Each structure stands twice: as structure tokens, then as C-alpha cells.
Trainee: 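Let me begin by handing over the structure; questions about it come next.
Because the structure is predicted, anything quoted here is derived from the model rather than measured.
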Amino acid sequence: PPCVPPAPYWPYKTNTKWRTVLGERILRAVTPLPEANEEACGGWELFGDQTWCKKAFGRKQVMAFSFGIEERDMYSEYLSN
């Protein structure tokens, strides 16, 4: 799991089920699988605050989503060139 230790107590006034489920889904989405390690990926491609498996770059027919919400999406521009 990410480097955030569990809170020793519930810091909020309420505990809404749907928010807890959503938070757990987000946590699972950002937690890498054990097999996604440096050896299996052949190293990492670092770009700003994003990290990609280098072996993914040599593949054809790969789809990834990158959203530039507030400003230009430099990573999509980088990959398209």
C-alpha cells in the first residue's frame, strides 16, 4: 500500500458508506500490483509526477488515458511525438 499509515481513529464526524467505498476504490487504483516492479518493467520512465513502466513503451496497440484538466497535457504531447 501507499506510504500513508492508517489513522489511529476516524477523524470525521460521519462515516458515509459510499464515500468509504469510493475511497477504497481510489486506494486500490493507485496501489501498484506486486508484479509491477523495476525488474519486470525494465526500469521506469519518469515524467513530472507520473511514472510509467518502460516495457509499455515498446508495445503496439496500447491505450492510456491522460487528462490535462487545468492546463496543457504535456505528457500526451510528449507521447504523441
Side-chain angles (χ1 to χ4, degrees):
C3 303
V4 180
Y9 62 92
W10 187 256
Y12 308 106
K13 292 182 181 179
T14 60
N15 185 346
T16 309
K17 176 83 172 148
W18 73 267
R19 286 187 176 106
T20 301
V21 170
L22 177 61
E24 289 171 352
R25 286 183 63 194
I26 292 169
L27 184 61
R28 280 194 312 272
V30 300
T31 302
L33 298 173
E35 52 272 5
N37 57 51
E38 189 168 7
E39 181 182 344
C41 285
W44 307 109
E45 178 74 25
L46 306 175
F47 187 87
D49 60 354
Q50 300 177 16
T51 304
W52 292 78
C53 178
K54 281 193 175 184
K55 284 189 178 177
F57 286 97
R59 297 177 57 194
K60 302 289 184 199
Q61 303 295 325
V62 175
M63 180 185 300
F65 297 99
S66 179
F67 302 95
I69 297 171
E70 293 183 17
E71 53 191 56
R72 290 173 53 187
D73 186 350
M74 299 299 290
Y75 196 70
S76 291
E77 292 181 25
Y78 168 72
L79 287 178
S80 67
N81 291 324

Trainee: What distance separates K55 NZ from E45 CD, expressed to the nearest 0.5 Å?
Mentor: 15.0 Å

Trainee: Who are the ring-ring contact (aromatic ring centres under 6.0 Å, His included) partners of Y9, not counting sequence neighbours?
Mentor: none

Trainee: Please report the shortest heavy-atom distance between W44 and N37, naming the atom on each side.
Mentor: CZ2-C, 3.5 Å

Trainee: Checking T14 now: which residues fulfil side chain to side chain contact (heavy atoms under 4.5 Å, CB included) with it, not counting sequence neighbours?
Mentor: T16

Trainee: Name the one of T20, L22, I26 that satisfies side chain to side chain contact (heavy atoms under 4.5 Å, CB included) with E24?
Mentor: T20

